[in-house]
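Predicted model, so just to flag it, every value in this text is computed and none were measured. Counting starts at 1 for both ligands and their atoms, in listed order. Below, all heavy atoms of this structure are taken into account, side chains as well, without hydrogens, waters or symmetry copies.
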Amino acid sequence: MEGASKTRLCAVIGDPIEHSLSPAMHNAAFKALDLNYTYIAIRVEKQKLREALGWLRNVGIHGLSVTMPHKIDIMKYLDQIDRLAEDIDAVNTVHNKNGKLLGYNTDGIGALKALKEKVPTLRGKKVVMLGAGGAARAIAFTLASEDVELTILNRTGNKAVQLANSLKKRFRGTVSGEKLEKKTLQTALPNADILINATEVGMSPNTNETLVTRDLMKPGLAVFDAVYIPLETKLLQEAAAAGAITVNGAKMLVYQGAEAFKIWTGRDAPTEVMWNAVLDELRRRT
Ligand code: NAP
C-alpha cells in the first residue's frame, strides 16, 4: 500500500522471559510517539542463541533487548560493540543498522539517570556498591567518568577486587573492592553518600531479605536498589525508616529502556509514559 511504512520489529530475548515488563513499556512508548514499531518477548534458551539470532536477522529484526542468560554470549555474534559495552563485557541492547548488528549496554546509564533524579551531582560523592555481577559491572563502568570514590563490596571477595582492578584504568575518581561482610559494611557506610544494591538480594520471592538494615543508614544517604520486583524492596523500606533518600530499580529499568529506544528510533523516549506502563504492569501482577 502506497505511503504505508513497514512495521519495525523489536524484541526482548532471554530465558525466562514471560515476566518481562519490556513489551508493555516499549509498546506504550512507540504508541505515544505514533511510531510504526512493535515489540515482543521471545524465549531463547541458552544453547539456542546463535540459531535464534540467525532467524532474527532473517526476519529483519530492528532492535533487541538482551537479558539473562545471553548478555555476555551474544557479544560473539555481533558485528560491532560500543566501547562502554566492551568495558562492561556485556550487551543489553542491539540495533540492526543496515544489516549490521551493533551492541550497546544501557544498564549503567539507566541506573545513573535514576540516581541523578534524587542526587543531581555525583562528583566527589562516596559510593558503596554491593555486588560485582552484571548489573554492578554496568553501573561501575558508567560511574567511571563521574569522579566518585567507589567501594565495591561483594559476597565473593575476589570478584570485588577483580572488578575494582579492571576499573582502575578508566576511573576518574578512586575505586577499591573488598569482601562484603558486617565489618566492611560498618566501616564503609558511615562515610557514604550513596549506597547501591546491585545484587539480587531482596528480589521476589525473597522479599524479606536485605543486606543492610536501618541501623547502618542515616538521613541524607541516597539508597538505590537495582532490584525492581518488588518496587519497594526491604532495603528501600529500611532506608526510608532511617530517613534516607530512596531510588527504586524500576526507574533504572525505564531509563535503560529509554536509552535503547533512542538508539532504535533516534527519538527521545517518552519516559513518563514508560514509567506509567511499568507501574500499571506491576500493579496488574500483584
Ligand atoms: P548476576 O550477574 O548474577 O550477579 C549477582 C550478584 O548478586 C553477585 O554479585 C552475587 O555475589 C550477588 N549475590 C547473590 N546472592 C547473594 C547473597 N545471598 N548475598 C550477597 N550477595 C549475593 O546478576 P545481575 O544481572 O547483576 O543482577 C543483579 C540484580 O540486578 C537482579 O536483581 C536484577 O534483576 C537486577 N537488575 C536490574 C536492572 C534494572 O533495570 N533495574 C537491570 C539489570 C539487573 P557473588 O559474586 O558472591 O555470587
Side-chain angles (χ1 to χ4, degrees), residues 12 14-17 19-22 24-26 46 65-74 85 88-93 104-115 117 128-142 150-164 166 177-182 184-185 195-213 223-236 246-261 269 271 274-275 277-279 281-282:
V12 56
D15 187 19
I17 205 63
H19 299 299
S20 174
L21 300 169
S22 294
M25 178 173 82
H26 282 293
K46 189 165 174 58
S65 307
V66 184
T67 185
M68 297 266 284
H70 304 307
K71 285 184 174 185
I72 297 171
D73 289 352
I74 197 166
I88 294 166
D89 202 21
V91 157
N92 79 334
T93 300
Y104 301 85
N105 194 310
T106 66
D107 276 338
I109 299 166
L112 261 53
K113 278 206 168 157
L115 196 51
E117 276 193 351
V128 174
M129 184 174 69
L130 314 179
R137 286 186 67 82
I139 294 169
F141 274 99
T142 315
L150 175 65
T151 305
I152 301 163
L153 302 178
N154 193 52
R155 177 178 63 179
T156 310
N158 65 352
K159 276 177 68 184
V161 175
Q162 275 167 18
L163 176 55
S166 66
E178 280 183 88
K179 186 170 168 54
L180 169 63
E181 50 196 354
K182 201 154 190 200
T184 48
L185 271 177
L195 168 65
I196 299 173
N197 175 42
T199 77
E200 62 206 47
V201 176
M203 186 166 82
S204 176
N206 304 312
T207 54
N208 239 341
E209 293 180 0
T210 177
L211 292 169
V212 183
T213 44
V223 180
F224 168 55
D225 201 338
V227 173
Y228 58 90
I229 299 179
L231 197 57
E232 254 208 72
T233 59
K234 178 81 175 167
L235 172 66
L236 294 183
T246 60
V247 183
N248 65 56
K251 285 277 176 176
M252 171 178 171
L253 179 76
V254 167
Y255 286 125
Q256 65 74 29
E259 279 300 305
F261 183 95
T271 49
M274 293 166 88
W275 173 242
V278 165
L279 284 188
E281 199 57 28
L282 285 173

* Asked: Under 3.5 Å between some N or O of ligand 1 and some N or O of T156?
  -> yes
* **Backbone or side-chain N or O of G134 under 3.5 Å from ligand 1 N or O** => yes
* To do: Indicate yes or no: does an N/O atom of M68 lie under 3.5 Å from an N/O atom of ligand 1?
  => no
* Output the list of atoms in ligand 1 that are nearer than 4.0 Å to some heavy atom of G131, sorted by atom number. => 9 (O)
* How far is atom 3 (O) of ligand 1 from its nearest protein heavy atom, and which residue and atom name does that atom have? -> E200 OE1, 4.0 Å
* Contact partition for A198 relative to ligand 1, non-hydrogen atoms under 4.0 Å -> backbone
* Below 3.5 angstrom, do we get any N/O pair linking D107 and ligand 1? -> no
* **Identity and distance of the protein heavy atom lying nearest atom 42 (C) of ligand 1** => M252 CE, 3.5 Å
* To do: Ignoring angles and geometry beyond distance, decide whether Q256 reaches within less than 3.5 Å of ligand 1 through its nitrogen or oxygen atoms.
  => no
* atom 21 (N) of ligand 1 - nearest protein heavy atom and its distance -> R155 CB, 3.8 Å
* Structure fact -> protein heavy-atom neighbour closest to atom 32 (O) of ligand 1 works out as M203 SD, 3.2 Å
* Asked: Considering only heavy atoms of V227, which atoms of ligand 1 have at least one such atom less than 4.0 Å away?
  -> 32 (O)
* Report yes if some N/O of A135 lies less than 3.5 Å from some N/O of ligand 1; otherwise report no. => yes
* Between A226 and ligand 1, is there a nitrogen or oxygen pair with a distance under 3.5 Å? -> yes
* Distance to 0.1 Å, residue and atom name: give those for the protein heavy atom nearest to atom 29 (C) of ligand 1. => T199 O, 3.5 Å
* **Heteroatom proximity flag, A132 to ligand 1, N/O under 3.5 Å** => yes
* Asked: Taking atom types as modelled, is there a side-chain donor on Y104 or E259 under 3.5 Å from an acceptor on the other?
  -> no
* Return a yes/no value for K71: is any of its N or O atoms, backbone included, closer than 3.5 angstrom to an N or O of ligand 1? => no
* To do: Quick one: look up the protein heavy atom nearest atom 4 (O) of ligand 1 and list residue, atom name and how far away it is.
  => G133 CA, 3.5 Å
* So which bit of N154 gets within less than 4.0 Å of ligand 1, heavy atoms only: side chain, backbone, both or neither? -> side chain
* Structure fact -> So for K159 against ligand 1, with non-hydrogen atoms under 4.0 Å, the contacting part is side chain
* Asked: Can you name the residues that form a ring-ring contact (aromatic ring centres under 6.0 Å, His included) with H26, not counting sequence neighbours?
  -> Y39, W264
